[in-house]
There are 2 protein chains.
Amino acid sequence: MSQIPDIAAATTEPYQQIKRARVSDAIVEQLLQLISSGALKPGDRLPSERDLCSRFGVGRTSVREALKPLITMGILEGRRGSGNFVAAEAGQFQKPLEWGLLQDLHGRDDLVETRHMLETNAAHWAALRAGAENLTAIEDTIQGMADHLQQPARFQHYDASFHFEIARATQNKILFRLINVIRGQIQTWIGERLTLSPARAEALARTSLAQHQDIFEAIKAADGAGARAAMDHHIQTATQDLHDLGKARKSD
Amino acid sequence: MSQIPDIAAATTEPYQQIKRARVSDAIVEQLLQLISSGALKPGDRLPSERDLCSRFGVGRTSVREALKPLITMGILEGRRGSGNFVAAEAGQFQKPLEWGLLQDLHGRDDLVETRHMLETNAAHWAALRAGAENLTAIEDTIQGMADHLQQPARFQHYDASFHFEIARATQNKILFRLINVIRGQIQTWIGERLTLSPARAEALARTSLAQHQDIFEAIKAADGAGARAAMDHHIQTATQDLHDLGKARKSD
DNA sequence: TCTTAAAATTGGTCAGACCAATTTTGATCT
DNA sequence: AGATCAAAATTGGTCTGACCAATTTTAAGA
């Protein structure tokens with residue numbers, strides 16, 4: 001009765017299951033520690049695997065099995081003949097997030113709904129916290145959109161950058177990461193099915209541009225509620241457009 | 001000028017960087033496919049590593065390097081002498097999410113702020129979508145809290161379950177996962193520094209219980225705005241308490 | 001039928017070897 | 001001295017075979 005699910009139990013269960021120490025896991029922990037503490041910065045090169053063997057006092061198998069997860073998740077990058085490197089900051093920890101949500105990314109509705117929540121809040125906080133450099137960065141992306149109204153790919157690039165810069169302006173790193181992951185997923189999911197007639201594309205682009213400008217004005221004016229409302233409107237429009245396109249495509 | 005960050009570029013760049021196929025990565029992909037498609041269900045046992053070698057036509061090294069990331073991320077579970085198994089569903093994909101956010105977990109404020117956003121929205125949606133079984137599950141956790149006002153550990157367990165069940169009631173799997181990860185982090189972070197005098201603990205517990213009941217009532221009444229407001233109040237109180245405790249401890 | 005000890009199986013680790021890509025070195029030429 | 005380019009050394013990726021430790025299976029014995 002009222003069976004308490006596993007996760008909840010795990011978070012409060014005082015007795016942690018004893019895992020016999022696997023050598024490679026211990027190494028993983030050390031490396032993660034070094035990276036997240038900043039001792040290893042993005043772009044840094046790790047000692048060669050054969051070096052690490054002697055440093056850790058273990059065989060190469062163990063070293064490699066420790067590196068492998070970090071590489072697979074994009075935290076490290078292995079270059080044959082050159083060495084293992086700490087991945088660029090931007091890409092770091094992006095893949096694990098994607099993997100973490102992989103299971104649920106099939107649910108289109110959840111994705112859209114979550115994005116709506118994240119982005120409206122981002123607009124709100126960005127309005128309250130954006131610094132001068134954030135504002136110019138955002139404005140630049142709007143300029144980019146205005147300059148490429150008839151080049152969908154370019155336009156979309158600046159569109160993405162716009163939301164990217166807003167997320168950055170929140171100064172909230174977690175929110176920043178979450179938005180990028182969710183957006184990335186939606187983007188790929190859109191890209192697969194979105195090919196428009198040039199005329200229609202430009203019409204949508206103009207609408208989108210105007211909405212982006214509204215959002216920017218509100219952020220510039222440090223109007224949190226206004227920015228949230230403008231973003232809300234923008235996303236609802238965009239979502240609706242996508243929905244309509246999906247239908248139109250179906251009836252083709 | 002106006003340098004576009006890496007992520008934004010990556011999401012829209014049509015030409016994907018060619019990665020020379022690494023054998024192990026190909027295997028990872030196949031296994032992930034099998035799991036997320038349901039061909040391999042939680043608890044299932046994989047063929048032995050030596051079996052997989054011949055099936056894939058590769059050496060054991062490659063097989064193991066493919067399994068390792070999945071094991072490290074908690075998607076698979078390796079039992080020495082027994083075999084490799086697909087991990088229980090609950091724990092699945094939890095670790096990668098934690099890793100994904102690990103980098104930012106130093107920023108306490110971000111964590112608190114993000115939790116506030118996630119949970120208030122969760123309350124809102126839960127109010128609109130909670131089914132009968134969700135309501136009883138939530139009510140059970142409140143009962144549990146009421147029954148253990150003087151046992152902090154127990155109380156905290158039901159407290160966590162309360163938020164857990166609300167997250168579940170949103171029917172939004174992504175939101176559900178995000179909340180659990182963030183909460184888990186905050187929980188461990190709290191646990192380290194939270195030891196109260198029994199009297200003070202019970203006082204806090206009573207306040208907390210009352211607030212939980214308010215939230216529940218709003219959800220039960222399908223009052224989205226009310227639930228959001230109640231949750232907002234609750235989290236602000238809890239955050240403030242934590243803050244005060246931190247100060248008190250410092251001045252000790 | 002139940003116990004129990006031996007044997008087989010399986011994941012974890014080590015060692016050595018080879019390949020392919022890259023970097024470094026050094027000889028050669030200008 | 002500086003530039004060029006081929007050989008050598010370095011490094012990650014993979015394979016093979018071996019051994020250990022934990023577990024499961026088997027089979028012998030009571």
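All chains are named by letter (A, B, ...) in the order of the sequence lines, taking the proteins before the strands, and each is independently numbered beginning at 1. Just so it is clear, the structure is predicted and the values come from calculations on it, not from any experiment.
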Closest listed nucleotide, where the reference is the side chain of A:Arg45 and the choices are C:dG11, D:dC15, D:dT11: D:dT11
Minimum-distance nucleotide to A:Ser82 side chain [options: C:dC14, C:dT22, C:dG11]: C:dT22
Mind checking if B:Ser48 touches a base, just sugar-phosphate, or nothing, with heavy atoms under 4.0 Å? sugar-phosphate
Taking any heavy-atom pair under 4.0 Å as a contact, classify B:Arg79: base, sugar-phosphate, or nothing. sugar-phosphate
Would you say the base of C:dG12 and the side-chain of B:Arg60 have a donor-acceptor pair closer than 3.5 Å? yes
Any [X] side-chain nitrogen or oxygen under 4.0 Å from OP1 or OP2 of [N]:
X	N	value
B:Arg80	C:dT9	no
B:Ser24	D:dT14	yes
A:Ser62	C:dG12	no

Round to the nearest Å and state the distance from [X] atom [atom1] to [N] atom [atom2].
X	N	atom1	atom2	value
A:Leu52	D:dG13	CG	P	13 Å
A:Glu77	C:dA21	CD	C1'	14 Å
A:Asn84	D:dG13	CG	C1'	11 Å
A:Phe56	C:dC14	CZ	C1'	17 Å
B:Leu46	C:dT10	CG	P	13 Å
B:Glu65	D:dC15	CD	C1'	11 Å
B:Glu49	D:dG17	CD	C1'	15 Å
B:Arg64	D:dG13	CZ	C1'	16 Å

Find out whether the Lys NZ or Arg CZ of A:Arg79 is both under 6.0 angstrom from the six-membered ring centre of A:Phe85 and within 45° of the ring's axis. yes
Can you work out whether A:Arg50 or B:Ile71 has the more 5'-proximal nearest nucleotide on DNA chain C? B:Ile71
When the nearest nucleotide of DNA chain D is assigned to A:Lys68 and to A:Gly81 on a heavy-atom basis, which residue is associated with the more 5' position? A:Gly81
Quick one: does A:Ser62's side chain have a donor or acceptor within less than 3.5 Å of a partner on A:Val58's backbone? no
Answer yes if the side chains of B:Asp110 and A:Gln171 hold a donor-acceptor pair under 3.5 Å, and no otherwise. no
Looking only at heavy atoms, the pair that brings B:Ala66 and B:Ser24 closest together is CB-O, 3.4 Å
Quickly, which of B:Ile179, B:Thr239, B:Leu178 forms a side-chain contact (heavy atoms from CB on, under 4.5 Å) with B:Arg115? Name it, please. B:Thr239
